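What follows is a short report on a single structure.
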Number of protein chains: 2
Amino acid sequence: MAKTHPVIVVIEDDPPIRRFLRTSLATHNFAVFEAETGKQGLIEAGVRKPDLLILDLGLPDMDGVEVIKSVRGWSAMPIIVLSARSNEQQKIDALDAGADDYLTKPFGFGELLARIRVALRHASRPAEHTQDEVFIVDALKVDLRNRVVSVDGNEIHLTPIQYRLLCVLIKHAGKVLTHQQILKEVWGPSYQENPHYLRIYMSQLRQKLESDPTQPKYLLTESGVGYRFKVG
Amino acid sequence: MAKTHPVIVVIEDDPPIRRFLRTSLATHNFAVFEAETGKQGLIEAGVRKPDLLILDLGLPDMDGVEVIKSVRGWSAMPIIVLSARSNEQQKIDALDAGADDYLTKPFGFGELLARIRVALRHASRPAEHTQDEVFIVDALKVDLRNRVVSVDGNEIHLTPIQYRLLCVLIKHAGKVLTHQQILKEVWGPSYQENPHYLRIYMSQLRQKLESDPTQPKYLLTESGVGYRFKVG
DNA sequence: AAGAATTTTTACGACATTTTTACCCACCAA
DNA sequence: TTGGTGGGTAAAAATGTCGTAAAAATTCTT
């Protein structure tokens with residue numbers, strides 16, 4: 001897949017600031033999606049799976065810290081908090097809830113951009129995992145850096161969901177993952193009641209990756225529990 | 001493994017601030033090492049290999065941004081910058097050079113601590129796997145984290161109830177558990193009147209785990225009372 | 001706005017697990 | 001002996017879970 005623009009979700013109730021962020025970020029080659037309220041924002045974050053979340057703490061419908069905690073329940077995406085109030089305790093609460101950075105209004109847009117770059121740098125560079133960037137078992141090879149999957153050297157095309165599912169499984173290779181855990185990581189928190197998707201995509205992955213899909217060597221079913229990627 | 005204190009190197013030329021940081025951080029259980037100049041700081045960082053670097057930009061001997069770049073040449077350790085100047089361009093330069101955060105003096109110490117926690121959180125992402133609970137008795141191995149059971153290295157497939165039953169037994173290994181206790185933990189409070197299930201599943205477990213199911217080494221019957229998992 | 005790729009919905013046969021039912025043994029007391 | 005108790009194993013029946021194909025709806029590209 002071609003190098004696509006980073007996706008940012010902005011949760012901000014104040015229309016002028018929202019407009020400002022949207023246009024400014026767009027001109028710097030970010031794909032921006034917006035939400036006015038905390039609830040909307042959570043949905044948007046779950047659906048868009050952004051590379052970064054920008055969150056205003058002063059929302060009308062729910063506490064910003066609750067939004068952060070809720071997102072952290074299923075994702076480690078970078079969160080940058082904006083706030084009009086410079087109360088120190090509030091900063092601490094937001095950061096401890098899982099926010100990665102905190103800017104007090106008014107802030108310079110250049111600084112925001114720099115802090116966005118920092119956040120994206122963090123997310124894209126789990127530097128310790130450099131050696132695990134390419135996952136190989138027998139004939140199966142998953143190149144996480146380039147997002148290329150191959151079997152016996154033949155490149156296999158995977159759809160976004162198929163690929164994400166495979167990534168989740170090999171990230172926890174050897175471990176049995178429950179349906180809910182997988183659904184949460186792949187589809188987001190709102191899809192936790194649909195183990196059916198899982199069976200369908202698991203089947204598709206087996207067709208593409210296993211030499212005998214009816215008797216999988218890697219993508220194992222743990223009936224009544226979930227799935228696991230077998231290693232060793 | 002003893003939980004060791006995070007190591008922090010502070011590069012700061014102003015003695016009062018340095019003293020303040022040293023004592024304050026020390027009381028929050030950090031191991032603090034100090035340097036007065038950029039050159040000293042680079043050496044200190046290289047020798048101590050800290051979990052975090054705190055850097056004042058206004059050093060006498062070299063530009064703070066150069067210090068950052070130099071560290072980034074060989075390490076991805078978190079760097080938090082402190083600065084008296086709130087010039088935006090300087091912030092941007094420092095962040096783009098590789099700093100992870102930037103605080104303008106005067107700052108609240110609580111906020112600094114919170115931002116330190118954020119930075120350490122980033123650095124130790126893969127530390128979720130700290131809780132490895134693996135029970136091993138002779139050839140039997142129960143990996144609770146991965147939900148995998150093996151005998152002599154051969155994986156054994158257990159159904160949900162079989163697995164739950166085994167977990168209950170090894171959780172209270174050595175103790176005698178009554179039928180009722182086990183039924184309650186495995187099937188839930190409403191099934192307490194069916195010791196028969198227990199015999200069936202206990203038999204299945206023995207078939208799968210014991211080398212001689214008719215004379216079990218681990219899954220022992222306490223006649224008239226219940227069962228127990230024998231250890232030692 | 002049309003066409004391709006992908007995701008979601010729908011449907012149904014196959015499979016695995018749990019529960020029920022049945023029969024076995026060993027032991028002890030009447 | 002006979003009958004009762006506590007326990008073990010092996011099968012059926014019932015239930016719940018999985019896998020696959022294909023159609024419908026959506027999203028992405030052009």
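First the proteins, then the strands, lettered A, B, ... as listed; each starts at 1. Keep in mind that what you see is a predicted model, and the values were worked out from it rather than measured.
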Exercise. Does the pair A:Arg18/A:Asp13 count as a salt bridge with the N-to-O cut at 4.0 Å?
Worked result: no
Problem set entry | Minimal non-hydrogen separation, A:Leu95 against B:Arg121, with atom names | O-NH1, 3.0 Å
Exercise. Parallel under 30°, tilted from 30 to 60°, perpendicular over 60°: which one fits the rings of A:His122 and B:His122?
Worked result: tilted
Exercise. Within the structure shown, what part of the strands sits under 4.0 Å from B:Thr214 by heavy-atom distance: base, sugar-phosphate, or nothing?
Worked result: nothing
Which donor-acceptor pairs under 3.5 Å do the side chains of residues 168-175 of chain B make with protein atoms, sequence neighbours left out?
{"residue": "B:His172", "atom": "ND1", "partner": "B:Val168", "partner atom": "O", "Å": "3.1"}

Exercise. Do A:Tyr201 and A:Tyr227 have their ring centres less than 6.0 Å from each other?
Worked result: no
Exercise. Which nucleotides of nucleotides 17-30 of chain C have their base under 4.0 Å from a protein heavy atom (B), which only their sugar-phosphate (S), and which neither (-), written as one string 5' to 3'?
Worked result: SBBB-B--------
Seminar exercise, completed: Residues passing the ring pair (Phe, Tyr, Trp, His ring centres under 6.0 Å) test with B:Tyr197, sequence neighbours excluded, are B:Trp187
For this session: Just grab all the side-chain hydrogen bond (donor to acceptor under 3.5 Å, both in side chains) pairs involving residues 35-47 of chain A, residues at least two apart or on different chains.
Result: A:Glu44-A:Arg48
For this session: Give a yes or no on whether a salt bridge exists between B:Arg117 and B:Asp101, defined as a side-chain N under 4.0 angstrom from a carboxylate O.
Result: no
Exercise. How would you label the contact of A:Tyr163 with the nucleic acid (heavy atoms, under 4.0 Å): base, sugar-phosphate, or nothing?
Worked result: nothing
Exercise. Taking only Watson-Crick and G-U wobble pairs with both distances under 3.5 Å, what dot-bracket line describes DNA chain C, where [ ] shows pairs that cross earlier ones and | shows pairs with another strand?
Worked result: ||||||||||||||||..||||||||||||
Problem set entry | Side-chain heavy atoms of B:Val134 within contact of B:Arg145, under 4.5 Å | no
For this session: Provide the start and end nucleotides, 5' to 3', of the part of DNA chain D that has atoms under 4.0 Å from heavy atoms of chain A.
Result: D:dT17 to D:dA21
For this session: Of all the heavy-atom pairs spanning A:Val176 and B:Arg147, show the shortest one and how long it is.
Result: CG2-O, 3.6 Å
